[in-house]
Amino acid sequence: GAKDIADALKVNRTLTELNLPGNRIEPEGAKEIADALKVNSSLTFLDLYNNEIGDEGAKDIADALKVNRTLTELNLPGNRIEPEGAKEIADALKVNSSLTFLDLYNNEIGDEGAKDIAD
């Protein structure tokens with residue numbers, strides 16, 4: 001599952017794109033992927049569309065964004081992310097200098113989460 005993919009990402013130095021839409025990795029899988037992003041130096045594109053990671057998974061991904069310097073595109077639509085998770089991502093964006101594209105379509109971030117991302 002996600003742990004096996006994450007373990008591979010930790011040592012892989014050539015993969016630049018990873019598409020995992022609709023795999024129900026959930027918060028636990030998001031944590032595994034996030035831990036790998038902290039050490040991976042080749043991935044530039046990650047698609048986690050429709051994986052039900054929720055706020056907990058969003059927080060883990062946000063923590064990874066604070067240290068990852070290669071990811072430029074992150075797709076997180078349809079993941080049940082609410083304002084709390086959006087705030088975590090927003091805080092990470094303040095220190096991340098590589099991400100240029102973020103998709104949070106079809107989440108539940110609301111006005112509060114949208115404001116945090118925009119700030």
S.K.: Is Asp7 salt-bridged to Lys3, cutoff N-O under 4.0 Å?
M.R.: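 Salt bridge flag = yes for Lys3 with Asp7.
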
S.K.: Looking at side-chain heavy atoms only, is the closest gap between Lys115 and Asp111 below 4.5 Å?
M.R.: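 No, too far: nothing below the 4.5 Å cut-off.
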
S.K.: Got more than 12 heavy atoms from elsewhere within 6.0 Å of CD, Glu52?
M.R.: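 More than 12 within 6.0 Å, yes.
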
S.K.: Determine the minimum heavy-atom distance between Ala6 and Ala36, stating which atoms define it.
M.R.: O-CB, 3.4 Å

S.K.: Hey, what do you get for NZ (Lys66) to CD (Glu88), rounding to the nearest 0.5 Å?
M.R.: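 Spacing of NZ (Lys66) from CD (Glu88) equals 6.0 Å.
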
S.K.: Just wondering, do Thr14 and Ser42 contact through their side chains at under 4.5 Å, heavy atoms?
M.R.: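 No, their side chains stay 4.5 Å or more apart.
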
S.K.: Between Arg69 and Asn96, is any pair of side-chain heavy atoms under 4.5 Å apart?
M.R.: yes

S.K.: Please answer whether the main-chain N or O of Gly54 pairs with a side-chain N or O of Asn79 as donor and acceptor at a distance below 3.5 Å.
M.R.: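 Pair absent, no side-chain N/O of Asn79 close to backbone of Gly54.
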
S.K.: Knowing that exactly one of Ile61, Leu46, Thr100 qualifies, which makes a side-chain contact (heavy atoms from CB on, under 4.5 Å) with Leu71?
M.R.: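 Of Ile61, Leu46, Thr100, side-chain contact (heavy atoms from CB on, under 4.5 Å) with Leu71 is met by Leu46 alone.
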
S.K.: Heavy-atom distance under 4.5 Å between the side chains of Leu48 and Asn75, does that happen here?
M.R.: no

S.K.: Taking atom CD1 of Ile53 and atom CG of Asp60, what is their separation to the nearest 0.5 Å?
M.R.: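 It is 8.5 Å, given to the nearest 0.5 Å.
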
S.K.: Taking CD in Glu112 as the centre, count heavy atoms belonging to other residues, nucleotides or ligands within less than 6.0 Å. Is the count above 12?
M.R.: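 No, because the 6.0 Å sphere around CD of Glu112 holds 12 heavy atoms or fewer from other groups.
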
S.K.: Is there a donor-acceptor contact under 3.5 Å from the side chain of Thr16 to the main chain of Leu43?
M.R.: no

S.K.: What are the two closest heavy atoms between Ala2 and Gly29, and how far apart are they?
M.R.: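 Taking Ala2 first and Gly29 second, the nearest heavy atoms are CB-CA, 3.6 Å.
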
S.K.: At what distance, to the nearest 0.5 angstrom, does NZ of Lys31 lie from CD of Glu26?
M.R.: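 If we round to the nearest 0.5 Å, Lys31:NZ and Glu26:CD are 16.0 Å apart.
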
S.K.: Between Ile33 and Leu20, is there a side-chain heavy-atom distance shorter than 4.5 Å?
M.R.: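 Side-chain contact under 4.5 Å: yes.
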
S.K.: A side-chain contact here means heavy atoms from C-beta on lying under 4.5 Å apart; do Pro21 and Asp47 qualify?
M.R.: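 A side-chain contact exists here, since the closest heavy-atom pair is under 4.5 Å.
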
S.K.: Is the shortest heavy-atom distance from the side chain of Leu65 to the side chain of Leu74 under 4.5 Å?
M.R.: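 Yes. Closest side-chain heavy atoms under 4.5 Å.
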
S.K.: Asn68 side chain to Lys38 main-chain N or O, any donor-acceptor pair under 3.5 Å?
M.R.: no

